[in-house]
Peer 1: 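Encoded as structure tokens, here's the structure I'll be asking about.
Letters A, B, ... are given to chains in the order of the sequence lines, protein chains preceding strands, and every chain is numbered from 1. As a basis for the values below, the full set of heavy atoms in this structure was taken, side chains included, without hydrogen atoms, waters or symmetry mates.
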Amino acid sequence: MELIITEKDNAARRIADILSGESADATRENGVNVYEWGGKRCVGLSGHVVGVDFPPEYSDWRDVEPVELVDASIEKTPTKENIVATLRILARQGDRVTIATDYDREGELIGKEAYEIVREVNEEVPIDRVRFSSITENEVQSAFAEPDEIDFDLAAAGEARQIIDLVWGAALTRFLSLSSGQLGNDFISVGRVQSPTLKLIVDREREIEAFDPETYWELFADLIKDDDPFEAQYFYLDEDDNEAERVWEESAAEGAYETLSSADSATVTSVNARTRTDTPPAPFNTTQFIRAASAIGFSAKRAMSIAEDLYTAGYITYPRTDNTVYPDDLEAEELLDSFVGHPVLGESAEDLLEGDGDLVPTEGDEETTDHPPIHPTGEIPARGGDVDEDEWRVYELVVRRYYATVAEPAIWEHLKVVAEADGRQLKANGKRLVEAGYHDVYPYFNTSENYVPAVEEGEELAIGDVELEEKETQPPRRYGQSRLIETMEDLGIGTKSTRHNTLEKLYDRGYIENDPPRPTQLAMAVVDAAENYADRVVSEEMTAQLEADMDAIATGEATLEDVTDESREMLEAVFEQLRASRDEVGDHLRKSLKADKRLGPCPDCGEDLLVRRSRYGSYFVGCDGYPDCEFTLPLPSTGKPLILEETCDDHDLHEVKMLAGRQTFVHGCPLCKAEEAGEGPVLGACPDCGEEHGGELAIKTLQNGSRLVGCTRYPDCEYSLPLPRRGDIEVTDERCDEHDLPELVVHNGDEPWELGCPICNYREFQAREAESGSALESIEGIGAKTVEKLTAAGIESIDDLLEADPESLASTVEGVSEDRVRTWQTAA
DNA sequence: GCAAGGTC
């Protein structure tokens, strides 16, 4: 029996299809798919099925000095037991084994891991390696016709990376965590990829903090041709006869303003027209795909998650690739043909097929062997059936990007007009899209035009409105997620499969908040500490050096031991420096952790007010002077608090935003909110105790900002009805016949919401809940505690749960995984 | 309970 081993199940299935002529049978062994036909079997791994770690005696952080990890031995153990077990069974029965993992360095290592598992149980069997960069009939057939051997040097290069990453990462992570007493869930991590990425964000933040804005002026005048005005901007030439960048002096700006305001015409002194070819974009690699998806509103994580689903379902090719050059055997006509007649995607495909274009695709700079660029397979999902709207939008983006790469360039006409009025110069830059080219099939780029009419040199133009604006130079902008991923790629840190996960890791570790990400004080302190004592680990140089070393191992110029020994020596030297500064580093980290929770001064004692968590998991504001000072403020019960940069003028406290998925809202200054608390207008008699004790219903605002209709005899009477958190509540003159309460209208945004009688409103709400099956508890796998956590995150009904994005929910609710959410959604 | 790299 011949055994073929691939990197993933999906590849195993497709290779089995190709080699068997679609006659392979699928069976399951230990929950692993095995494809079998005519004396052959094909099985897919799941990436790495073994992992590196220290022996168990190193596992207690407190018992082991971090520096001991530098020279500790490293073991390889199975991490996917079922797959390893299956592989062993199949390998025993094999008389020939072919490793068909991905064609890149990590694939070679994964292949070598499979090789070792096979060898353990079968010493004799011949083991080959085949390499192909896309799973197509041609490539696969020819790879299998001429099998090669495993490249053990290349695999060793990958192993060196594993060892160096583990040793540096684990030793330094433990050191920082121990020095600051941050053990358990809130440990402080560093690593070869995450730390330089964090430094990018921190460095940018330092620039922003150090930025000193400068004032400058912008002066615009309307020039008029045939009653049509167009905008021109004042400029002047500097000593070198170049256009000055900006007008920095107020007097110069005002002088020009006065001249232009009193001039009634300007003479055209130059007209410069040129056409520019706007070439279509290159095929999608992972990074460019993430960038394009982010431009239409998807986070990096969400874009990748959708792409993975579309890939697994067979609609697009493998989404983790560095390649930007399509394989030769990808036939444009054939692929475009599969879209002909489609209601949404058909017209563009038909235009491309019928056009004069030669359908030769664009190429990017990166040509690699890993996988083809991301493109549609030709299998089209049903919108609203096979895929939901978000998935469709991502799918359409991938299809249209493919269209763009085989479409014609666009042609722009640029027109620069310079005119002069009383010695003052004005310029206008126009642009017009003459040939839309690929923009017709790829409508994601901005194609807005700027109107400047055709004028001739010497022509007189009337001057219309003149405007002078005072402006300030702006600090550099924070990196957005996709810009960060692009920069990581430029610097060579991380891989196509991990860069987006690295950003998620920084969020999870409390290093960055918000979007675009902003570093926490903790992040600043970690980068500081690393810069002072372990500069390598926050520098992209470490990766650059590692890449060079890995190349040396791969070509046989160095050995794994040479490289890892040298790296261990460097880390040893780092610890030499760190030893004496343990307390100092720990202190700084601890102070920064506190600063991340700080809202401002306590109104009672002047110490710091901090966001804290109660024993029951709810958030509140408490004084750092506790127990001497017992001042506290409540926070809303929905979501996780994020401290904003904005502060309140009255109390000098930072405002708070509550992160709760779709229900995220800005709470504001918690002290203001508490002060606003109180009883509003009385609506009528309390249905519970009105007759007996004279209780009345009133609109109340609680200290945590939530509002309700409650009895004035609270806490003796606990009758209450919910009200929305936001919007002004108007009490109208209309009264409900049944309950004799006024109808309420909520003004929030454009459309006023007629809430009506609060009792009727609450009844309707309950009825809707009951109808939708309501109670979250009714879903299998959700207990009372989970319901509480979900409610806090804004998930109050089954409908909410069904609409929720599993990823963002998993990230906001502790102890809930994406998989669990998906299971609930299926169950619901 | 540490990293980064695969994959789901």
Side-chain angles (χ1 to χ4, degrees), chain A residues 6-12 31-33 44-54 56 58-64 66 68-70 72 74 76 79-80 82-83 101-102 104-114 155 157-178 182-198 286 304-309 311-313 318-321 370-371 488 493-502 504-506 508-509 537 542-543 546-547 550 567 571 806-807 817-819 822-823:
Chain A
T6 68
E7 190 156 320
K8 43 193 168 274
D9 174 59
N10 218 307
V32 182
N33 290 332
L45 307 174
S46 182
H48 290 286
V49 293
V50 295
V52 291
D53 208 346
F54 301 107
Y58 290 91
S59 59
D60 191 325
W61 293 28
R62 270 163 299 212
D63 283 356
V64 180
E68 290 179 54
L69 296 178
V70 178
I74 289 176
K76 250 188 198 185
T79 49
K80 303 266 164 59
N82 59 329
I83 297 177
T101 46
D102 291 355
D104 55 18
R105 184 173 58 219
E106 217 59 27
E108 207 66 24
L109 176 53
I110 291 166
K112 190 212 163 193
E113 289 162 3
E159 286 181 296
R161 179 201 58 70
Q162 288 186 318
I163 293 166
I164 290 169
D165 282 342
L166 175 64
V167 172
W168 279 75
L172 289 172
T173 293
R174 286 197 193 181
F175 180 89
L176 292 185
S177 304
L178 284 163
Q182 289 293 112
L183 299 177
N185 273 333
D186 298 322
F187 62 86
I188 292 176
S189 70
V190 285
R192 175 180 57 86
V193 173
Q194 59 167 293
S195 300
T197 306
L198 188 58
T286 303
M304 281 312 287
S305 163
I306 292 178
E308 279 152 20
D309 289 345
Y311 155 72
T312 313
Y318 194 63
R320 296 189 271 260
T321 178
D370 56 353
H371 295 91
M488 290 171 76
I493 52 183
T495 71
K496 63 210 174 188
S497 317
T498 59
R499 290 187 193 110
H500 60 281
N501 295 335
T502 301
E504 285 308 310
K505 184 180 282 184
L506 295 180
D508 291 347
R509 296 285 153 84
V537 87
M542 181 165 174
T543 295
L546 181 61
E547 287 289 341
M550 283 195 288
S567 182
L571 183 56
E807 298 178 60
S817 68
E818 281 180 41
D819 282 350
R822 292 214 174 83
T823 316

Peer 1: Regarding A:Trp61, tell me which of base, sugar-phosphate or nothing describes its non-hydrogen contacts under 4.0 Å with the strands shown.
Peer 2: base
Peer 1: Do A:Arg105 and A:Glu547 meet the salt-bridge criterion of a basic N to acidic O distance under 4.0 Å?
Peer 2: yes
Peer 1: Once you round it to whole Å, what is the distance between P of B:dA4 and CG of A:Leu198?
Peer 2: 11 Å
Peer 1: Between atom CG in A:Asn33 and atom P in B:dT7, what is the gap in whole Å?
Peer 2: 17 Å
Peer 1: Toward the 5' end of DNA chain B, which comes first, A:Leu69 or A:Asp102, by nearest nucleotide?
Peer 2: A:Leu69
Peer 1: Under 4.0 angstrom, heavy atoms only, what part of the nucleic acid is A:Val190 near: base, sugar-phosphate, or nothing?
Peer 2: sugar-phosphate
Peer 1: Using whole Å, what does the distance between atom P of nucleotide B:dG5 and atom CZ of A:Arg105 come to?
Peer 2: 9 Å
Peer 1: Do A:Asn10 and A:Thr312 touch side chain to side chain, with heavy atoms closer than 4.5 Å?
Peer 2: yes
Peer 1: For A:Asn501 and B:dC8, give me the distance from atom CG to atom P, rounded to whole Å.
Peer 2: 13 Å
Peer 1: Within the 4.0 Å heavy-atom criterion, would you say A:Arg509 contacts the bases, only the backbone, or no part of the nucleic acid?
Peer 2: sugar-phosphate
Peer 1: Rounded to the nearest angstrom, tell me the gap between atom CD1 in A:Ile110 and atom C1' in B:dA4.
Peer 2: 12 Å
Peer 1: Whole-Å distance between B:dC2 C1' and A:Trp168 CH2?
Peer 2: 16 Å
Peer 1: Classify the nucleic acid contact of A:Asn185 as base, sugar-phosphate or nothing, counting any heavy atom under 4.0 Å across all strands shown.
Peer 2: nothing
Peer 1: Students often get this wrong, so: under 4.0 angstrom with heavy atoms, is A:Asp370 touching a base, only sugar-phosphate, or nothing?
Peer 2: nothing
Peer 1: Regarding A:Gly494, tell me which of base, sugar-phosphate or nothing describes its non-hydrogen contacts under 4.0 Å with the strands shown.
Peer 2: sugar-phosphate
Peer 1: Tell me whether the OP1 or OP2 atom of B:dC8 has a side-chain N or O from A:Ser46 closer than 4.0 Å.
Peer 2: no
Peer 1: For the side chain of A:Arg174, counting heavy atoms from C-beta on, which of B:dC2, B:dC8, B:dA3 is nearest?
Peer 2: B:dC2
Peer 1: Looking for any heavy atom pair under 4.0 Å, which part of the strands does A:Arg192 touch: base, sugar-phosphate only, or nothing?
Peer 2: sugar-phosphate
Peer 1: From C-beta outward on A:Asp165, which listed nucleotide comes closest to its side chain: B:dC2, B:dT7, B:dA3?
Peer 2: B:dA3
Peer 1: Can you tell me which nucleotide in B:dG1, B:dA3, B:dG6 comes closest to the side chain of A:Leu183?
Peer 2: B:dG1
Peer 1: Under 4.0 Å between any heavy atoms, over every strand shown, what does A:Leu45 touch: base, sugar-phosphate, or nothing? Just pick one.
Peer 2: nothing
Peer 1: Is A:Ser189 close enough to B:dA3 that one of its side-chain N or O atoms is under 4.0 Å from OP1 or OP2 there?
Peer 2: yes
Peer 1: Measure from the side-chain heavy atoms of A:Val52 and tell me the nearest of B:dG6, B:dA3, B:dC2.
Peer 2: B:dA3
Peer 1: A:Gln162 near the nucleic acid: base, sugar-phosphate alone, or nothing, with a heavy-atom cut-off under 4.0 Å?
Peer 2: base
Peer 1: Is the shortest side-chain heavy-atom distance between A:Ile74 and A:Asp53 below 4.5 Å?
Peer 2: no
Peer 1: Taking the minimum atom-to-atom distance to the side chain of A:Glu308, which one of B:dC8, B:dG6, B:dA3 wins?
Peer 2: B:dC8
Peer 1: Starting the side chain at C-beta, find the nucleotide from B:dG6, B:dT7, B:dA4 nearest to A:Tyr318.
Peer 2: B:dT7
Peer 1: Classify the nucleic acid contact of A:Ser59 as base, sugar-phosphate or nothing, counting any heavy atom under 4.0 Å across all strands shown.
Peer 2: base
Peer 1: Do the non-hydrogen side-chain atoms of A:Thr173 and A:Trp61 ever get within less than 4.5 Å of each other?
Peer 2: yes
Peer 1: Report the nucleotide, chosen from B:dT7, B:dA3, B:dG6, that has the shortest atom-to-atom distance to any side-chain atom of A:His48.
Peer 2: B:dG6
Peer 1: Quick one: is A:Lys80 getting a side-chain N or O under 4.0 Å of the B:dG6 phosphate, OP1 or OP2?
Peer 2: no
Peer 1: Counting only side-chain heavy atoms from C-beta out, which of B:dG1, B:dC2, B:dC8 sits nearest to A:Tyr311?
Peer 2: B:dC8
Peer 1: Using a strict threshold of under 4.0 Å (side-chain N to carboxylate O), is an ion pair present between A:Asp370 and A:Arg320?
Peer 2: no
Peer 1: Taking the basic N atoms (NZ, or NE/NH1/NH2) and the acidic carboxylate oxygens, is any pair closer than 4.0 Å for A:Lys76 and A:Glu159?
Peer 2: yes
Peer 1: Rounded to whole angstroms, how far apart are CG on A:Asp53 and C1' on B:dG5?
Peer 2: 14 Å
Peer 1: Need one value for A:Thr495: base, sugar-phosphate or nothing, where a base atom within 4.0 Å counts as base even if backbone is also close, heavy atoms only.
Peer 2: sugar-phosphate
Peer 1: Closest nucleotide of DNA chain B for A:Lys8 versus for A:Val193: which of these residues is on the 5' side?
Peer 2: A:Val193
Peer 1: Nearest-Å distance, NZ (A:Lys505) to P (B:dA3)?
Peer 2: 5 Å
Peer 1: Between the side chain of A:Asp102 and the main-chain N/O of A:Asp104, is any donor-acceptor distance below 3.5 Å?
Peer 2: no
Peer 1: Go through B:dG5, B:dA3, B:dG6 for me and flag the one nearest to the A:Arg161 side chain.
Peer 2: B:dG5
